[in-house]
Amino acid sequence: MLYWWRDSDWYATRGFARTIFNDGSLQGGHAVFWFQAGPRYWSFFTQVLLGEQDVLIGLLMVSAGFFAVFFLFSRLALLHHGKTSVTIAWLVLVIGLVFLADDLMVHFGFVGSSEHPTWIVLFALTGYLLTAKEETRIWLLVGLSALVAYMAPMRPNQIGGVIVLFVMLLLVVSRTSRVQWFSRALRMTVAFSIVISLALLHNLYYGESFVPFAANASINVQFEWTKLFADNSFFAAIDIVWTQVGAIFYWVWPVNWNWALVFWGSQLIWLVSLAQRVRLGMFQRWRTLTLLLPVAYALPMLQFELGSYYPRHLVIISLSCMCAGLLAWPGARPQPETAALLDGNPQVDDGTARRVAHVESGV
């Protein structure tokens, strides 16, 4: 896998990492980035830490993916006890294992694909958010903020989801003291802003060019939003967008049933979570907005030509369906939403409170 799969991206990433090492400079081989900045610095870090041990690095990355899935499953096992919830938890485990054991995804772990670390972060962060209540550890909050921000230099097309995940992190900061909450949130925001702006700062400093991430995205653009309706009739434009949506979510006859299980299974969890919130009268509560996470990942990808992106660049969209469904699941995080229901919220009838209690306790 290591040698057969080495192509232009692998050579570019390793080459730029070696340039950083040899030159002792953060310029990273470019005055203005044309190739996303994150992978070259990640490759530099792993090789400085472990040497040019590609087999070892690949094994560690693939193993980290499996550990992230087991971590997410363990968090679910602690929270869910009802029949539906337990079924969903086991479905998550099956989806995660099938996904990471698929030969194509294993290849990406071994050749240092820029998407693979973002999948690990998504699984692990979802597990953390499921059980996080009122976090006070500033080192953890700042570290997670920087880690989430680094997903954007790794894959700039994930920028929408990255911002939503950061907002979710802000929501778990302890609110016992308004001053302390503001201080923690400010440090998180500074760390997030600096890391997510590293490519832009580089391009301004070395190339005097305002390029937020990379300059080569236009070669893969399928259409421009500003010209979509000008160049096409209304129904033709809608058809173009709908075709893109279907491709992004794999709403086609599957060429790979592993992918179908992962993509459709993740979307099923999203739908079941939405149905549960509607059934329990919780649809209008703020946590329902968590279900918009896949939309945040999908929107930046709609205008791109998807042939060269299939399927690895689009995996994160369906995986985020699963993670969003878990985070929005009624009873997954009982504070403060379900706690208010069970404590006698005057706006909710006793029947709804009993149904939420049933979901949480499995009685």
Side-chain angles (χ1 to χ4, degrees), residues 1 42 46 50 55-133 135 137 140 143-144 147-148 150-151 154 158 161 165 168-169 172 257-270 272-273 290 293-294 297 312 315-329 331-333 360 362:
M1 287 183 292
W42 171 248
T46 57
L50 300 170
V55 174
L56 175 60
I57 294 171
L59 286 171
L60 290 175
M61 290 303 298
V62 173
S63 299
F66 282 102
F67 278 120
V69 168
F70 283 120
F71 172 72
L72 174 57
F73 176 71
S74 69
R75 299 298 91 186
L76 288 171
L78 290 175
L79 291 171
H80 295 310
H81 305 289
K83 291 181 179 179
T84 303
S85 299
V86 169
T87 302
I88 291 295
W90 282 103
L91 179 58
V92 168
L93 181 61
V94 170
I95 288 173
L97 294 182
V98 169
F99 169 65
L100 290 171
D102 181 80
D103 57 351
L104 184 64
M105 306 309 165
V106 172
H107 290 161
F108 294 141
F110 269 95
V111 299
S113 169
S114 58
E115 295 88 350
H116 195 273
T118 69
W119 304 335
I120 297 174
V121 172
L122 181 64
F123 287 136
L125 186 63
T126 300
Y128 167 77
L129 290 173
L130 280 172
T131 53
K133 297 177 182 178
E135 186 60 72
R137 294 169 291 182
L140 180 61
L144 288 175
L147 182 63
V148 169
Y150 197 68
M151 293 170 68
M154 292 292 279
Q158 297 183 14
L165 288 174
M168 291 182 184
L169 275 176
V172 304
W257 286 101
N258 285 343
W259 301 349
L261 172 63
V262 172
F263 297 162
W264 297 346
S266 298
Q267 294 163 32
L268 176 63
I269 292 173
W270 188 94
V272 173
S273 180
T290 304
L293 178 62
Y297 273 112
R312 62 190 180 113
V315 166
I316 194 76
I317 298 172
S318 288
L319 292 182
S320 67
C321 288
M322 177 181 71
C323 294
L326 297 177
L327 292 171
W329 191 271
R333 289 174 57 197
E360 291 180 342

(Q) So, using ring pair (Phe, Tyr, Trp, His ring centres under 6.0 Å) as the criterion, who are the partners of Phe99 when residues are at least two apart? (A) Trp119
Q: Looking only at non-hydrogen atoms, find the nearest pair between Val62 and Val106 and report the distance.
A: CG2-O, 4.0 Å
**Q.** Heavy-atom pair of closest approach, residues Trp270 and Ala324
**A.** CD1-CB, 4.2 Å
Q | Minimal non-hydrogen separation, Ile120 against Ala64, with atom names | A | CD1-CB, 3.9 Å
Q: Quick one: pull up CD1 in Ile269 and OG1 in Thr87 and give me the separation to the nearest 0.5 Å.
A: 11.0 Å
Q. How close do Leu326 and Leu130 get, heavy atom to heavy atom, and via which atoms?
A. O-CD2, 3.5 Å
Q | Audit row: Phe123, Phe67, side-chain contact (heavy atoms from CB on, under 4.5 Å) steps and yes/no | A | CA-CA 9 Å; Phe123 287 136; Phe67 278 120; over 6 Å; no
(Q) With a 4.5 Å cut-off on side-chain heavy atoms, are Leu104 and Trp259 touching? (A) yes
**Q.** Flag side-chain contact, heavy atom, 4.5 Å: Val86 against Trp90
**A.** yes
Q.
Using every non-hydrogen atom in the two residues, find where Met61 and His116 come nearest and quote the distance to one decimal.
A. O-CE1, 3.2 Å
Q) Are Leu268 and Val272 close enough, and set up right, to give a side-chain contact (heavy atoms from CB on, under 4.5 Å), and what steps lead you there? A) CA-CA 6 Å; Leu268 176 63; Val272 173; 4.1 Å; yes
Q: List for me each residue that meets side-chain hydrogen bond (donor to acceptor under 3.5 Å, both in side chains) alongside Thr126, sequence neighbours excluded, and say none if there are none.
A: none
Q) Does a side-chain heavy-atom distance below 4.5 Å link Leu60 with Leu50? A) yes
Q) If you look at every heavy atom in Pro117 and Met154, which pair is closest and at what distance? A) CG-CE, 3.6 Å
Q | Residue among Cys321, Ser320, Ser318 satisfying side-chain contact (heavy atoms from CB on, under 4.5 Å) with Tyr297 | A | Ser320
Q) Applying side-chain hydrogen bond (donor to acceptor under 3.5 Å, both in side chains), which residue pairs with at least one partner in residues 57-73 are found, sequence neighbours left out? A) none
Q) How far apart are the C-alpha atoms of Val69 and Val92, what are their side-chain angles, what is the distance that settles it, and do they pass the side-chain contact (heavy atoms from CB on, under 4.5 Å) test? A) CA-CA 8 Å; Val69 168; Val92 168; 5.8 Å; no
Q. Is any side-chain heavy atom of Leu76 less than 4.5 Å from a side-chain heavy atom of Leu93?
A. no
Q) Can you name the residues that form a ring pair (Phe, Tyr, Trp, His ring centres under 6.0 Å) with Phe263, not counting sequence neighbours? A) Tyr250
Q | Step-by-step side-chain contact (heavy atoms from CB on, under 4.5 Å) determination, Phe110 to Leu59 | A | CA-CA 7 Å; Phe110 269 95; Leu59 286 171; 3.7 Å; yes
(Q) Which residues pass the side-chain hydrogen bond (donor to acceptor under 3.5 Å, both in side chains) test with Ser266, not counting sequence neighbours? (A) none
Q: Hey, could you give me the CG/CD1 distance between Leu319 and Ile95, rounded to the nearest 0.5 Å?
A: 8.5 Å
Q: Spell out, as yes or no, whether a donor-acceptor pair under 3.5 Å connects the side chain of Ser113 to the backbone of Phe108.
A: no
Q) What distance separates Thr290 OG1 from Trp329 CH2, expressed to the nearest 0.5 Å? A) 14.0 Å
Q | Separation between CZ of Phe73 and CG of Leu78, rounded to the nearest 0.5 Å | A | 10.0 Å
Q: Return the set of residues passing salt bridge (Lys or Arg N to Asp or Glu O under 4.0 Å) with Glu135 (not counting sequence neighbours), or none when no residue passes.
A: Arg137
Q: Report the distance from atom CG of Leu125 to atom CE of Met151, rounding to the nearest 0.5 Å.
A: 8.0 Å
**Q.** Interatomic spacing from CG in Leu91 to CE in Met322 - rounded to 0.5 Å
**A.** 8.5 Å
(Q) For Glu115, is there any backbone N or O sitting under 3.5 Å from a side-chain donor or acceptor partner on Thr118? (A) yes
